[in-house]
Amino acid sequence: MAEQLPEHPDFLWRTPEPKKSYDVVIVGGGGHGLATAHYLAKNHGITNVAVVEKGWLAGGNMARNTTLIRSNYLWDESAAIYEHSLTLWEGLEEDLGYPILFSQRGVLNLAHTEQDVRDSVRRVEANKLNGIDAEWLGPDEVAKICPIVNVSADIRYPVHGATYQARAGIAKHDYVAWGFARRADEAGIDLIQDCEVTGFTTDGSPDDGTARVTGVRTTKGDIACGRVALCAAGHSSVLLDMLGVPAPLQSHPLQALVSELLEPVHPTIVMSNAVHVYVSQAHKGELVMGAGVDSYNGYGQRGAFHIIERQMAAAVELFPVFARAHLLRSWGGIVDVTPDASPIVGHTPYENVYLNCGWGTGGFKATPGIGWCLADTVANGRPHPYVAPFALDRFVTGALVDEHGAAAVAH
Amino acid sequence: MQLIHCPWCGPREEVEFHYGGQAGVAYPADPAVLSDEEWARYVFVRDNPKGRFEERWSHSAGCRRWFTAVRDTVTYRFER
């Protein structure tokens, strides 16, 4: 394990001062922003780019997620973007030339009720039609894949079966961010930390379709820009308020936790929407668990303890072996949730501003996929086909992509 | 656990309450004249401020009445 550890992250990229202007400014130095920077350089040769980040690189949700990667979503639109992303994950280590500890250990999505079973079987068939690996497993087969799951009939929410995607997996989130950052930096892209966006300079009017952003105001001075990509996750509403663009986003705390280091006991990923828990075991040995969102809006990067308590109760019932494990630490991120549990990507009322937000509780798995598609969108000035269905105007047309079944609680 | 002040019952534990989102969102006065954009705004878009937020809460495991409270979305502290 030790020989696989990469060098210290401080040396993987420069710490430049911002230039006066850039062709593209990416707001948000998390996974999505860094991946977008990488693919702008790699796929489109656009390198006069700055990524501005108010904190440190990848210190927001990229540092706080539970690293689950899968593509078994119900609708065609979601299947396309998430499967594109999963395919990129499968070659990402070679692309970045950096170890990301991507481990395709499979995901079980448990069904606890008759309705869960019907929905799950439907989703498996939909996945197969979209060329995504998926199977339906009965309780005995679930126990074969993950022997520590309690499949007895006498628990509060018995396991009636599960969907299984064998190609799903986990990756080391920090290494993913560092790998993208290093490649972007090598291409000449400026990664500017401690640089908070405080406003925008604009030209024209949204009313007659002539509105443009001419520059970004930051705590390190004004930066002129040709195009802007907003990748600010839970803080997207704060940026959109500066531009006067209404968007159907609500920011919520989302909590996760890890146990102490344990021997390998958990060979796969188990998710249960019904009891609000998802669990995997990290390479080092911690059990990594995520909860559902706290109900109220919140930007505090922490949540209420009763959410953790409820999640633990569910986890211990499903995995009796966890009862004597100790919780090491818990934390919270800020997730931007949309009404249909699908992201918002693409054009804004400002001609040269592109939006990428609303990934809610599941943005990590999309990191390479959205980086690829957003870079393409920014470079060509039109939505990439995989993100076109996720435009902001779907809330006006009514063409929602309702992924609550496959996404809402546990991504 | 955070205590929330119910105007009728006094301070009670957070788990007794349900969240109702932004307060003061009125039903359109003349729904028939709304454009698709205005409907989208009414149905889907709510304020999402970082800071002071006026919002609806229901004391669902107590008196079951709704009330409006002001809370800071960064500290989660209620004003009263």
Side-chain angles (χ1 to χ4, degrees), chain A residues 54 196 198 206-207 232-242 244-253 292-310 332 334-342 344 349 357-358 391-400 402, chain B residues 1-6 11-26 28 31 33-62 64 66-80:
Chain A
K54 74 181 165 73
E196 182 171 1
T198 55
D207 300 329
H235 277 78
S236 297
S237 293
V238 176
L239 294 173
L240 291 169
D241 284 349
M242 294 174 191
V245 175
L249 294 169
Q250 298 281 286
S251 296
H252 289 272
V293 296
D294 283 51
S295 67
Y296 48 67
N297 290 24
Y299 285 87
Q301 292 190 318
R302 62 192 172 83
F305 191 71
H306 68 265
I307 304 284
I308 296 286
E309 196 174 22
R310 178 170 168 226
I334 313 168
V335 299
D336 43 333
V337 175
T338 61
D340 60 356
S342 284
I344 302 174
C357 63
L392 182 57
D393 70 3
R394 76 176 182 273
F395 297 96
V396 174
T397 63
L400 304 185
D402 183 1
Chain B
M1 184 177 299
Q2 158 140 269
L3 296 178
I4 296 176
H5 184 88
C6 169
R12 296 295 181 93
E13 291 189 346
E14 182 182 338
V15 288
E16 293 186 16
F17 295 83
H18 268 85
Y19 185 60
Q22 184 183 353
V25 180
V33 304
L34 259 54
S35 67
D36 288 353
E37 284 76 14
E38 288 164 332
W39 268 120
R41 187 82 64 98
Y42 169 68
V43 173
F44 294 120
V45 178
R46 295 291 179 271
D47 291 347
N48 186 26
K50 183 177 183 177
R52 201 169 180 275
F53 195 28
E54 201 167 305
E55 52 196 16
R56 299 290 285 168
W57 286 85
S58 165
H59 190 192
S60 47
R64 303 196 55 76
W66 285 90
F67 61 95
T68 297
V70 178
R71 190 180 58 97
D72 187 302
T73 61
V74 179
T75 64
Y76 307 159
R77 188 165 293 138
F78 284 81
E79 277 178 23
R80 55 148 302 162

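All values below come from the heavy atoms of this structure, side chains included, with hydrogens, waters and symmetry mates left out. Lettering follows sequence order; numbering is per chain, from 1.
- Ranked by non-hydrogen atom pairs under 4.5 Å with chain A, the options B/His18, B/Glu37, B/Glu14, B/Gln22 are led by B/Glu14.
- Shown here is B/Glu38, whose CD atom has more than 12 heavy atoms of other residues, nucleotides or ligands within 6.0 Å.
- The CG atom of A/Asp241 sits 7.5 Å away from atom CG of B/Asn48, with the distance rounded to the nearest 0.5 Å.
- Nearest heavy atom pair, residue B/Arg71 against residue A/Asn297, reads NH2-O, 2.6 Å.
- Most heavy-atom pairs under 4.5 Å with chain B, from the set A/Gly298, A/Gly398, A/Ala304: that is A/Gly298.
- No donor-acceptor distance shorter than 3.5 angstrom exists from the side chain of B/Arg41 to the backbone of A/Val396, with no hydrogens or angles considered.
- A donor-acceptor distance shorter than 3.5 angstrom exists from the side chain of B/Tyr76 to the backbone of A/Arg302, with no hydrogens or angles considered.
- Within the 4.5 angstrom heavy-atom criterion, atoms from both the backbone and the side chain of B/Phe44 approach chain A.
- B/Asp36 contributes atom CG, which lies 11.0 Å from atom CG of A/Asp393 (distance to the nearest 0.5 angstrom).
- At a 4.5 Å heavy-atom cutoff, the contact between A/Tyr296 and chain B is made by backbone and side-chain atoms alike.
- Residue A/Arg310 qualifies as open at atom CZ: its count of foreign heavy atoms under 6.0 Å is 12 or below.
- Counting only distance, with no hydrogens or angles, the side chain of A/Gln250 and the backbone of B/Val45 share no donor-acceptor pair below 3.5 Å.
- Residue contact with chain B, scored on non-hydrogen atoms closer than 4.5 Å, is absent for A/Leu392.
- Ring orientation note: the planes of A/His252 and B/Tyr19 are nearly perpendicular, at an angle over 60° on the 30°/60° scale.
- Contact annotation for B/Asp47: only backbone heavy atoms (N, CA, C, O) come within less than 4.5 Å of a heavy atom of chain A.
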